[in-house]
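Each remark here refers to the structure printed beneath this line.
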Number of protein chains: 2
Amino acid sequence: MKRRSTPTKEAVISVLNASNKAMSQDAIEHKIEIEIDRATIYRVLNQFCEDGIVHKIIADDGKQYFAICKKCDDQKLPDNHFHFRCSSCQTIECLPALVHFSVPESYKVERFNCILIGKCKDCS
Amino acid sequence: MKRRSTPTKEAVISVLNASNKAMSQDAIEHKIEIEIDRATIYRVLNQFCEDGIVHKIIADDGKQYFAICKKCDDQKLPDNHFHFRCSSCQTIECLPALVHFSVPESYKVERFNCILIGKCKDCS
DNA sequence: TTATTATTGCAACTTAATCGCAATAATAAT
DNA sequence: ATTATTATTGCGATTAAGTTGCAATAATAA
């Protein structure tokens, strides 16, 4: 499916670019000036994920968060670092720390979703 | 609140003990012989989590999974290891590998939720 | 045996996310 | 420019996970 550039996509990208945090659909919707439907935002975000422009984090609240991470562009995995959720200010951000692990014989790891929860630098 | 022992609690514990995997409320309900309400199972599971008998994992599908992990009884954190979700058989299990990380200055980590996704030993 | 209160089932509710479909609009073709 | 193609959007409905209030039930203490 060929992609088209639309005001919605530009608005979403621009909000994510302006943020150094991962954002939920809800947070993105509130940050955008123009009115965009919830379903549309999800569709656009998921498309960005498919295209590798954005990565999705499932936080320990079970919700989806989306981020443009400048640091991890050149990495093999699109999203190979830890994420941090602050239990005070409820924000989620990418950490520089990469995830390292070893798995038992004959397990194959395709991707991962690793969140640390605690107090961020502004809240501790 | 003092705890009482009930058939529901015994059934849930017994199912989790018999499993070497983490289980969702739904999976637990289907495995139990007697009929138990969804809300009750959640309440019992969350109580077990509070009491440190069971630990809860939020998988990358956003759903809650519960496990009794024999390995991590004596650890400082109740749940300080990686979890693995098999993208073929959809099971989630505790891995022996502990989570190691470093965070930037002045971040305080309280707990974490780390999942690796891929093919388990039976499916690879 | 009775009293206390933790537990349960039921129904209703909340929230996140998805989906089908018709209308709209970005791009390609003429 | 104009038209045709089809990706995108908004709307409404829907699904699914999980929670909550409340009255009835049952485990434990008295």
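Lettering follows sequence order; numbering is per chain, from 1.
A/K56 and A/N113 form no side-chain donor-acceptor contact under 3.5 Å, judged by distance and modelled atom types alone.
The main-chain N or O of B/F48 is never found under 3.5 Å from a side-chain atom of B/K9 such that the two would form a donor-acceptor pair. The backbone N or O of B/K108 sits nowhere less than 3.5 Å from a side-chain atom of A/S124 that would complete a donor-acceptor pair.
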Please tabulate, for side-chain N and O atoms in residues 38-45 of chain A, each donor-acceptor pair with protein atoms closer than 3.5 Å (sequence neighbours left out).
none

Could you pull out every donor-acceptor pair under 3.5 Å between side chains of residues 89-99 of chain A and any protein atom, sequence neighbours left out?
unit_1: A/Q90; atom_1: OE1; unit_2: A/R85; atom_2: NH1; d: 2.7
unit_1: A/Q90; atom_1: NE2; unit_2: A/S87; atom_2: O; d: 3.2
unit_1: A/T91; atom_1: OG1; unit_2: A/K21; atom_2: NZ; d: 3.1
unit_1: A/E93; atom_1: OE1; unit_2: B/Y107; atom_2: OH; d: 3.1
unit_1: A/E93; atom_1: OE2; unit_2: B/Y107; atom_2: OH; d: 3.0

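Taking 4.5 Å as the limit, every side-chain heavy atom of B/Q25 sits out of range of all side-chain heavy atoms of B/Y65. The side-chain heavy atoms of A/I57 and A/Q64, taken from C-beta on, include no pair separated by under 4.5 Å.
Shown here for A/I32 and A/I34, the closest heavy-atom pair between the two residues is CG2-O, 3.2 Å. Minimum interatomic distance between A/G118 and A/F84 (heavy atoms only, all atoms of both residues): C-CZ, 3.6 Å.
Note on B/K121 versus A/E105: no salt bridge recorded, every NZ/NE/NH1/NH2 to OD/OE distance being 4.0 Å or above.
Paired runs in DNA chain D that reach 3 or more consecutive Watson-Crick or G-U pairs, where each pair keeps both distances under 3.5 Å, cover C:1-30 with D:1-30.
One finds no side-chain N or O of A/K63 lying less than 4.0 angstrom from the OP1 or OP2 phosphate oxygen of C/dA17. Side-chain N/O atoms of A/Q47 include none lying less than 4.0 angstrom from OP1 or OP2 on D/dA7. Side-chain nitrogen and oxygen atoms of A/T40 include none within less than 4.0 Å of the OP1 or OP2 phosphate oxygen of D/dT8.
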Using a cut-off of under 3.5 Å, enumerate the N/O to N/O pairs linking the protein to nucleotides 18-23 of chain C.
unit_1: C/dG20; atom_1: O6; unit_2: A/R43; atom_2: NH1; d: 3.3

Contact list (N/O, under 3.5 angstrom) for nucleotides 26-30 of chain D vs protein:
unit_1: D/dA27; atom_1: N3; unit_2: B/R4; atom_2: NH1; d: 3.0
unit_1: D/dT28; atom_1: OP1; unit_2: B/S5; atom_2: N; d: 3.1

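We find the NZ-OG distance between B/K31 and B/S19 to be 7.5 Å, quoted to the nearest 0.5 Å. The NZ atom of B/K63 sits 11.0 Å away from atom CG of B/D60, with the distance rounded to the nearest 0.5 Å.
Between A/V44 and B/G62, the one whose closest nucleotide on DNA chain D sits nearer the 5' end is A/V44.
For the contact set between residues 21-29 of chain A and DNA chain D, defined by any heavy atom under 4.0 Å, there are no members.
Ring centroid separation for the pair B/F101 and B/F112 comes in under the 6.0 Å cut-off.
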